[in-house]
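One structure is given below, encoded as structure tokens.
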Amino acid sequence: MRTELAGVRHLGGGVLPAPLEVVERLLVGVGEPCVRYRSYDDGPEQVDRQARRYW
């Protein structure tokens with residue numbers, strides 16, 4: 001049996017939003033259109049730079 005999600009909403013906030021920003025967007029009810037970002041293979045330096053913020 002599969003679980004089906006209802007009321008799916010894209011919160012936005014970029015590729016790697018700050019954890020507190022995700023919580024705030026969820027609680028406030030912010031929703032943005034779904035954005036398809038480039039693959040890691042297209043620009044690894046951007047993903048790496050954003051990931052380093054959480055170290």
Side-chain angles (χ1 to χ4, degrees):
M1 175 179 264
R2 290 179 62 174
T3 301
E4 186 174 323
L5 300 177
V8 175
R9 180 180 8 188
H10 297 280
L11 297 175
V15 176
L16 295 172
L20 291 177
E21 182 181 354
V22 172
V23 172
E24 182 178 336
R25 287 172 170 268
L26 181 63
L27 294 176
V28 173
V30 172
E32 295 183 5
C34 181
V35 176
R36 185 179 187 288
Y37 293 99
R38 298 182 327 177
S39 167
Y40 176 80
D41 294 332
D42 294 338
E45 65 282 345
Q46 179 182 0
V47 175
D48 289 345
R49 192 175 329 112
Q50 289 182 312
R52 276 191 223 104
R53 293 187 311 181
Y54 301 112
W55 286 13

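Values reported hereafter were calculated over all heavy atoms of this structure, with side chains retained and with hydrogens, waters and symmetry mates removed.
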Quiz item: Counting heavy atoms not belonging to Leu27, are there more than 12 under 6.0 Å from its CG?
Solution: yes
Exercise. Scan for salt bridge (charged side-chain N to carboxylate O under 4.0 Å, His left out) pairs involving residues 10-20, sequence neighbours excluded, and state none if there are none.
Key: none
Practice problem: Would you list the pairs meeting salt bridge (charged side-chain N to carboxylate O under 4.0 Å, His left out) in which at least one residue belongs to residues 1-14, sequence neighbours left out? | Solution: none
Quiz item: Can you find a pair of side-chain heavy atoms, one from Val30 and one from Leu11, that are under 4.5 Å apart?
Solution: no
Practice problem: Could you tell me which residues satisfy side chain to side chain contact (heavy atoms under 4.5 Å, CB included) with Glu21, sequence neighbours excluded, listed by chain and number? | Solution: Pro17, Ala18, Arg25
